[in-house]
Protein chains: 2
Amino acid sequence: MSMTTLWERSRQVAVQAILDTAVRLFAEQGYEQTTIAQIAREAGISQRSLFRYFGTKEDLVCGDQEALGELLKRTVEQQPAEMSAWDALRAGFEVILTANHPPERALELSRLIFDTPSLHARYIEKRLRWQAELVPVIRARLGSGPGRPAPDTQAKAIVATVFACIDTATELWAGHDGRIDLADLYDQCLAAVRDHG
Amino acid sequence: MSMTTLWERSRQVAVQAILDTAVRLFAEQGYEQTTIAQIAREAGISQRSLFRYFGTKEDLVCGDQEALGELLKRTVEQQPAEMSAWDALRAGFEVILTANHPPERALELSRLIFDTPSLHARYIEKRLRWQAELVPVIRARLGSGPGRPAPDTQAKAIVATVFACIDTATELWAGHDGRIDLADLYDQCLAAVRDHG
DNA sequence: CGCCTACTTGGCATTAACTGCCAGAAAGGC
DNA sequence: GCCTTTCTGGCAGTTAATGCCAAGTAGGCG
């Protein structure tokens, strides 16, 4: 794996150093009040190189979403074919949860994102890309009975709803300082939507 | 009504001129490729004043959301008490539809928003503020039976889902160039989510 | 070891979105 | 017609982000 050698490795070290510095400064003085110049200075790297590692300031917080999106898509695809769209998505969500940062860090990041409008927007933008990629995967799982909406409409609606519930659950979770299990909150959100009566 | 006189009126004129110029240029050359300087020049106003009317470039597209949010909240509140949360929200959505721009313009704006990731994200972010304001209104409408999630969780999940469906329906509507009724699409999205089987 | 190539790094200049400041014009009340 | 209030425009400055180029550094090879 680590065949591409030293370049690769020192890159990882630099990325981690930048990330630690950035998150610390964001927590200390807020996202908007922290400049790229300051992060670069304290991380001992040039501003120019920082932008090569992280294309935007927002990526310092929402950066590793790309990888998680890939993982999510693959996990959902690999669920048994007889599993419903809802259950497959739920399984994907579960995997993401365990693959994510240590909970303490995830909590810190979540708070930062939900409290900072520009970050929140960028986070949503990344999430929208996951959604678009998941739609075909979900469509393949739908029984196309008569009197049902077009499969594409169904798939888009289901995926959008699942993400809305993930988002809601995450916000509640951050609001409770992580004391309530995130998966439980997700199930409650989905139950509130899907259970009639 | 127009008691605050000429200032108010010429402000409206300027705002409309800026808006028309901006939307036209965005449609012609894309959002990212259009600069504030160009919009100001072609609208015959200084860059500085443009920023006084519209705090950010994104507000040129997503600006009038504030007013619509107020209308939505009031409409939902005023639905009869025995109406379910879902039906009350649907009634609010219906009112927004008729109060919105002329459909041709709405279509153009929708396309712009859905084709421009940063705009789409900002648009959703503004809507999240509507969501937060609607949660207490919806919570008041929930029957709090036993074995149900906490009312706050329920309300948040329901509101988030409704907006996810509105968003999905609008995207589909723009994709079909407005040839399919938006309210119908919304109903289809919600049916895909709520109907089991 | 020395050399050549491939890739990375850092500094410099530039752009675009904003923001603060201040002088000057225009509107409204008297 | 004056005086206050409010708006406008220009100018300078900040910050995020991008392109360019020269200098450095890893890796393979003789």
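Each chain gets a letter, A, B and so on, in the order the sequences are listed, and its residues count up from 1.
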message: Can you pull out every salt bridge (charged side-chain N to carboxylate O under 4.0 Å, His left out) where at least one residue sits in residues 31-54 of chain A? Sequence neighbours excluded, please.
response: A/Arg24-A/Glu42
task: Just grab all the ring-ring contact (aromatic ring centres under 6.0 Å, His included) pairs involving residues 31-66 of chain B, residues at least two apart or on different chains.
output: B/Phe26-B/Tyr31
- request: Answer yes or no: does atom CD of B/Gln33 have more than 12 heavy-atom neighbours from other residues, nucleotides or ligands under 6.0 Å?
  value: yes
Show me the side-chain donor-acceptor pairs of residues 70-82 of chain A shorter than 3.5 Å, one per line, residues at least two apart or across chains.
{"from": "A/Thr75", "atom 1": "OG1", "to": "A/Leu71", "atom 2": "O", "distance (Å)": "2.7"}
{"from": "A/Gln79", "atom 1": "NE2", "to": "A/Thr75", "atom 2": "O", "distance (Å)": "3.0"}

Protein and nucleotides 26-30 of chain C: nitrogen or oxygen contacts under 3.5 angstrom:
{"from": "C/dG28", "atom 1": "OP1", "to": "B/Thr5", "atom 2": "OG1", "distance (Å)": "2.6"}
{"from": "C/dG28", "atom 1": "OP1", "to": "B/Leu6", "atom 2": "N", "distance (Å)": "3.0"}

- prompt: Which whole-number value in Å describes the distance from B/Asp59 CG to C/dC18 P?
  reply: 9 Å
statement: Here the gap from A/Glu104 atom CD to A/Leu109 atom CG, rounded to the nearest 0.5 Å, amounts to 10.5 Å
query: In residues 35-55 of chain A, which ones come under 4.0 Å of DNA chain C, going by heavy atoms?
result: A/Ile45, A/Ser46, A/Arg48, A/Ser49, A/Arg52, A/Tyr53
message: Under 4.0 Å, heavy atom to any atom of DNA chain C: which of residues 111-122 of chain A qualify?
response: none
query: Within the structure shown, what part of the strands sits under 4.0 Å from A/Thr34 by heavy-atom distance: base, sugar-phosphate, or nothing?
result: sugar-phosphate
query: Does any non-hydrogen side-chain atom of B/Lys126 lie less than 4.5 Å from one of B/Glu58?
result: no
A/Gln131: partners by side chain to side chain contact (heavy atoms under 4.5 Å, CB included), with sequence neighbours left out: A/Arg127, A/Leu128, A/Val159, A/Ala160, A/Phe163
- request: Return each pair, listed once, that meets ring-ring contact (aromatic ring centres under 6.0 Å, His included) where at least one residue sits in residues 113-133 of chain A; pairs must be two or more places apart or across chains.
  value: A/Phe114-A/His120
- request: Would you mind listing every ring-ring contact (aromatic ring centres under 6.0 Å, His included) that reaches into residues 77-109 of chain B, with sequence neighbours excluded?
  value: B/Phe93-B/Tyr186
message: Enumerate the side-chain hydrogen bond (donor to acceptor under 3.5 Å, both in side chains) contacts for residues 175-185 of chain A, please, sequence neighbours excluded, ordered by first and then second residue.
response: A/Arg111-A/Asp177
message: Any heavy-atom pair between the side chains of B/Asp20 and B/Arg105 that's under 4.5 Å?
response: yes
- request: Go through the structure and list residues passing side chain to side chain contact (heavy atoms under 4.5 Å, CB included) with B/Asp152, not counting sequence neighbours.
  value: A/Leu172, B/Val135, B/Arg139, B/Lys156
task: Report yes if some heavy atom in the side chain of B/Thr56 is under 4.5 Å from a heavy atom in the side chain of B/Arg122; otherwise report no.
output: no
- request: Describe, as an angle rounded to 10 degrees, how the axis at the first end of the helix from C/dC1-D/dG30 to C/dC30-D/dG1 is tilted relative to the axis at the last end, five pairs per end.
  value: 10°
field: Of A/Thr56 and B/Arg11, the one whose closest DNA chain D nucleotide lies more 5'
entry: B/Arg11
